[in-house]
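Proteins come first, then strands; the chains are lettered A, B, ... in the order of their sequence lines, and each starts at number 1.
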Amino acid sequence: MQNNLILYNNLSKKKESFEPLHSPFVGMYVCGPTVYSDAHLGHARPAITFDLLFRYLTHLGYKVRYVRNITDVGHLENDADEGDDKIEKKARLEHLEPMEVVQKYMNTFYRNMDQLNTLHPSIEPRASGHIIEQIELIKLLIDKGYGYVVNGSVYFDVDTYSMKYEYGILSGRVLEELQSNTRVLDGQEEKKNPFDFALWKRASAEHIMRWPSPWSDGFPGWHLECSAMSCKYLGNEFDIHGGGMDLQFPHHECEIAQSTAANGKAPVKYWLHNNMITINGQKMARSLGNFITLDQLFSGNHPVLTQQYSPMTIRFFVLQAHYRSTVDFSNEALLASDKGLQKLMKAIETLSRLKPSSECNFDFEQFNQKCYEALDDDLNSPILISYLFEAVKFINSVADGTSTISEQVLESLKQLFKTFVTDILGLKEEASVRGGEALTGSLMNIIIDLRKSARESKDWPTSDKIRNYLKEAGIVLKDTKEGVEWERIE
RNA sequence: GGUCGGUUAACCGAGUGGCUAGGUAGUGGUCUGCAAAACCAUUUACGGCGGUUCGAAUCCGCCACCGACCUCCA
């Protein structure tokens with residue numbers, strides 16, 4: 001399979017030609033959410049980024065197996081005062097079973113992802129469903145001398161690992177620096193070295209989420225699930241591993257160490273990391289009060305928002321920035337994207353009504369090539385979108401009569417928009433259709449006809465009155481050359 | 001303090017050693033009874049200071065500011 005795709009490999013810190021290990025098959029693993037609260041913007045970015053990659057690879061003809069995990073075991077509160085299992089803490093607060101919490105937020109996550117029109121991965125494995133695989137992996141690591149047991153917990157021996165392999169190849173950490181920079185914290189006395197990490201943790205008495213193991217009743221270490229599940233579904237070596245930049249260290253570094261130690265070879269060929277999201281230039285954090293969930297964005301129910309933003313607007317906004325750049329959300333920026341997206345989608349509608357002529361002043365082949373070049377260059381969606389807007393301008397000028405398009409180019413351009421906008425960027429016309437749509441349509445026809453009569457007799461007061469009343473009811477009229485159009489005001 | 005990344009016009013956001021993406025907003029015009037849309041034209045740029053170069057926003061150095069990670073756990 002031929003392609004010109006170039007991806008930035010975070011392992012080599014360079015752009016590299018994409019060559020799958022077993023073309024046409026591609027294995028891709030992406031770190032999914034920890035399901036203990038509502039999905040927020042930070043979840044949307046990797047989901048959309050790797051959805052774009054999934055869609056593009058599929059479009060290029062690859063058979064992609066896309067695996068994204070759901071983390072539903074043993075999470076400690078990061079920003080809280082004391083270390084507490086995230087899911088359990090939430091469970092106590094809400095008087096729910098831990099798995100009830102998991103189910104609730106997993107449902108929300110899936111719903112939000114559907115709203116954002118991200119395709120479901122091929123497999124969405126849960127950590128809690130792969131305890132056995134994780135225990136087997138720990139056994140293997142202990143057998144090979146990379147794990148040691150202390151008080152029912154198992155830790156990964158980074159020192160031993162680094163004698164044979166290089167620890168820190170992804171994040172550029174140096175072991176000595178880690179040693180000297182590591183603060184002394186509670187709960188570390190069991191480890192040989194502070195940079196060792198847990199493979200299995202013995203559960204304390206109050207820890208509800210626990211599973212039996214050869215070492216203790218407990219739960220697997222965080223990094224382990226990704227090694228176990230990626231190996232199970234994609235093999236010891238696979239093509240692409242994705243996730244947020246914040247996961248690069250320690251999570252992905254540990255994942256590499258575990259998998260390499262277990263299998264004797266590096267697990268992943270291409271490491272891809274999406275950058276983070278800021279809000280009004282600040283990082284998004286609950287403590288800063290600028291934490292926005294996807295449901296809040298979709299409903300407009302948040303102090304920094306002046307209106308609601310549709311899932312497609314959010315998607316479009318994310319795609320307007322390159323995935324390796326930080327992206328700054330603000331009400332104003334979202335407003336701009338909202339308008340921009342409307343313009344794009346409207347042009348597609350206009351395109352479907354264009355009348356071809358014998359002349360044509362549009363170089364389709366060159367345009368088509370440019371679009372592919374944009375995506376081939378490390379998924380440069382903002383460039384692709386800028387090109388699409390060039391075509392939008394052309395489409396509108398054809399509609400305006402200042403440019404012409406041939407029948408052949410018209411068909412090609414329609415296909416191109418379908419390919420890039422619908423199939424690859426994953427943007428769709430949002431259903432503004434509500435109940436009683438058919439009735440509304442016929443009522444509108446009557447009203448428009450009445451107004452037409454008024455206008456024919458130059459009865460402007462009546463004509464304007466109708467338009468104003470409709471505006472109050474949320475409908476705007478547009479007098480075009482072809483006739484009267486109407487649409488709902490969002 | 002350490003490692004890495006960033007600083008582009010009103011806002012968001014690409015990009016390249018010389019040819020000033022794109023969206024939104026603004027301004028002027030065309031069209032229009034008015035309006036909306038569309039079309040045409042157009043104003044604000046590359047954090048600061050040095051250096052390399054015929055030429056740097058783009059390469060190098062220093063400084064300032066911002067961010068991620070540097071921790072048990074996820």
K.L.:
Of all the choices, B:C34, B:A38, B:C70, which nucleotide is nearest to the side chain of A:Pro250 once you look at every atom?
P.N.:
B:C70
K.L.:
Distance check needed: B:A35 C1' versus A:Asn468 CG, whole Å only.
P.N.:
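Result: 9 Å.
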K.L.:
Looking at every strand, decide which applies to A:Gly221 at a 4.0 Å heavy-atom threshold: base, sugar-phosphate, or nothing.
P.N.:
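The answer is sugar-phosphate, as A:Gly221 gets under 4.0 Å only of primed atoms, P, OP1 or OP2.
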K.L.:
In whole Å, what separates the P atom of B:U24 from that of B:A37?
P.N.:
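It works out to 11 Å between them.
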K.L.:
Examine the side chains of A:Glu359 and A:Thr404 and answer whether a donor and an acceptor come within less than 3.5 Å of each other.
P.N.:
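A:Glu359 vs A:Thr404: no donor-acceptor pair found between side chains.
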K.L.:
Please give me every residue in residues 310-319 of chain A whose heavy atoms get under 4.0 Å of an atom in RNA chain B, ordered by residue number.
P.N.:
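Residues of residues 310-319 of chain A that come under 4.0 Å of RNA chain B are, in numerical order, A:Phe317.
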K.L.:
Going by the rule side chain to side chain contact (heavy atoms under 4.5 Å, CB included), which residues pair with A:Gln307 if we only count those two or more places apart in sequence or in a different chain?
P.N.:
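With neighbours one apart ignored, the set is A:Tyr309, A:Leu335, A:Asp338.
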K.L.:
Please report the distance, rounded to the nearest Å, between CZ in A:Arg45 and C1' in B:G67.
P.N.:
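Answer to the nearest Å: 13 Å.
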K.L.:
With sequence neighbours excluded, what pairs up with A:Tyr146 under the ring-ring contact (aromatic ring centres under 6.0 Å, His included) test?
P.N.:
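A:Tyr146: no ring-ring contact (aromatic ring centres under 6.0 Å, His included) contacts found.
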K.L.:
Mind checking A:Lys458 for me? I need base, sugar-phosphate or nothing, with any heavy atom below 4.0 Å counting as a touch.
P.N.:
nothing
K.L.:
Out of B:G23, B:C12, B:G33, which nucleotide sits closest to the side chain of A:Ala333?
P.N.:
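Within the option list, the nearest is B:C12.
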K.L.:
Roughly how many Å apart are B:U7 and B:C46, using the C1' atom of each and rounding to a whole number?
P.N.:
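The same atom, C1', in both gives a distance of 10 Å.
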K.L.:
Regarding B:G33, can its base be found pairing with the side chain of A:Asp459 as donor and acceptor, where the two atoms are less than 3.5 Å apart?
P.N.:
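Answer no: no donor N or O sits under 3.5 Å from an acceptor.
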K.L.:
What distance do A:His130 atom NE2 and A:Glu225 atom CD have between them, rounded to the nearest 0.5 Å?
P.N.:
10.0 Å
K.L.:
Is any side-chain N or O of A:Lys478 closer than 4.0 Å to OP1 or OP2 of B:A35?
P.N.:
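Result: no.
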K.L.:
If you measure from the C1' atom in B:A9 to the same atom in B:G13, how many Å do you get, rounded?
P.N.:
12 Å
K.L.:
Taking the same atom, P, in B:A45 and in B:U52, what whole-Å distance lies between them?
P.N.:
27 Å
K.L.:
So is A:Arg173 actually on top of A:Phe249's ring, under 6.0 Å and inside 45° of the axis?
P.N.:
yes
K.L.:
Picking from B:C39, B:G33, B:A74, which would you name as closest to the side chain of A:Lys393?
P.N.:
B:C39
K.L.:
Rounded to whole Å, please give me the gap between NZ in A:Lys191 and C1' in B:C72.
P.N.:
6 Å
K.L.:
Between A:Leu384 and A:Cys371, is there a side-chain heavy-atom distance shorter than 4.5 Å?
P.N.:
yes
K.L.:
Looking at B:G23, B:C34, B:C69, which one has an atom nearest to any side-chain atom of A:Arg455?
P.N.:
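The nucleotide sitting nearest to the side chain is B:C34.
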K.L.:
Taking side chain as C-beta onward, heavy atoms only, is A:Cys254 less than 4.5 Å from A:Tyr167?
P.N.:
yes
K.L.:
Would you mind reading off the distance between A:Ile279 atom CD1 and B:A68 atom P, rounded to a whole angstrom?
P.N.:
13 Å
K.L.:
Do A:Ile348 and A:Ile395 make a side-chain contact, defined as non-hydrogen atoms from C-beta onward lying under 4.5 Å apart?
P.N.:
no
K.L.:
Counting heavy atoms from C-beta on, name the nucleotide in B:C70, B:A68, B:C73 closest to the side chain of A:Lys201.
P.N.:
B:C73
K.L.:
Given the P atoms of B:G17 and B:A74, what is the spacing between them in whole Å?
P.N.:
45 Å
K.L.:
With a 4.5 Å cut-off on side-chain heavy atoms, are A:Val158 and A:Asn193 touching?
P.N.:
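No - every pair of side-chain heavy atoms lies 4.5 Å or more apart.
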K.L.:
Within the 4.0 Å heavy-atom criterion, would you say A:Arg467 contacts the bases, only the backbone, or no part of the nucleic acid?
P.N.:
base
K.L.:
Taking the C1' atom of each, how far is B:U16 from B:A56, in whole Å?
P.N.:
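It works out to 11 Å between them.
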K.L.:
With rounding to the nearest 0.5 angstrom, report the CZ to CD distance, A:Arg202 to A:Glu190.
P.N.:
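It comes to 8.0 Å.
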K.L.:
Rounding to a whole Å, what distance do you find between A:Lys339:NZ and B:G22:C1'?
P.N.:
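Result: 17 Å.
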K.L.:
Got a second to check how far A:Leu137's CG is from A:Leu199's CG, nearest 0.5 Å?
P.N.:
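If I round to the nearest 0.5 Å, the distance is 7.5 Å.
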K.L.:
Taking any heavy-atom pair under 4.0 Å as a contact, classify A:Gln248: base, sugar-phosphate, or nothing.
P.N.:
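It contacts nothing in the nucleic acid.
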K.L.:
Once salt bridge (Lys or Arg N to Asp or Glu O under 4.0 Å) is applied, what residue pairs with a partner in residues 367-386 of chain A remain, sequence neighbours excluded?
P.N.:
A:Lys15-A:Asp377, A:Arg324-A:Asp378, A:Lys370-A:Glu390
K.L.:
From CG of A:Asp338 over to P of B:A25, roughly how many Å is that when rounded to an integer?
P.N.:
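Checked: the CG to P distance equals 11 Å.
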K.L.:
With respect to the side chain of A:Trp222, which nucleotide from B:G13, B:C39, B:A74 is positioned closest?
P.N.:
B:A74
K.L.:
Side chain of A:Asn396 only, please: which of B:C34, B:G22, B:C39 is the nearest?
P.N.:
B:C39
K.L.:
Rounded to whole Å, how long is the line connecting atom CG of A:Leu344 with atom C1' of B:A21?
P.N.:
16 Å
K.L.:
Nearest to the side chain of A:Phe389, which nucleotide is it out of B:C73, B:C69, B:G23?
P.N.:
B:G23
K.L.:
Taking only the side-chain heavy atoms of A:Glu332 (C-beta and beyond), determine which of B:C11, B:C34, B:C39 contains the nearest atom.
P.N.:
B:C11
K.L.:
Tell me whether A:Tyr387 and B:G22 count as stacked here, given that the ring centres must be under 5.5 Å apart and the planes must differ by less than 30 degrees.
P.N.:
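No, aromatic ring not over the base.
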K.L.:
Take the protein atom CD1 of A:Ile405 and the nucleotide atom C1' of B:C39, then report the distance between them rounded to whole Å.
P.N.:
17 Å
K.L.:
Take the angle between the ring planes of A:His273 and A:Trp271 and call it parallel below 30°, perpendicular above 60°, tilted in between.
P.N.:
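Judged by the thresholds at 30° and 60°, the geometry between A:His273 and A:Trp271 is parallel.
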K.L.:
So if I take every side-chain heavy atom of A:Phe219 and compare against B:C11, B:C69, B:A74, which nucleotide ends up nearest?
P.N.:
B:A74
K.L.:
For the base of B:G5, is there a side-chain donor-acceptor partner from A:Arg324 under 3.5 Å away?
P.N.:
no
K.L.:
For the atom pair CH2 (A:Trp460) and CZ (A:Arg455), what is the distance rounded to the nearest 0.5 Å?
P.N.:
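Spacing of CH2 (A:Trp460) from CZ (A:Arg455) equals 5.5 Å.
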K.L.:
Can you give the dot-bracket line for RNA chain B, where a pair is Watson-Crick or G-U wobble with both atom distances under 3.5 Å, crossing pairs use [ ], and | marks a partner on another strand?
P.N.:
(((((((..(((.....[...))).(((((.......)))))....(((((..]....))))))))))))....
K.L.:
Give each protein N/O atom lying under 3.5 Å from an N/O atom of nucleotides 14-18 of chain B, with the pair distance.
P.N.:
unit_1: B:A14; atom_1: OP1; unit_2: A:His322; atom_2: N; d: 2.6
unit_1: B:A14; atom_1: OP1; unit_2: A:Ser325; atom_2: OG; d: 2.9
unit_1: B:G15; atom_1: OP1; unit_2: A:Asn380; atom_2: ND2; d: 3.2

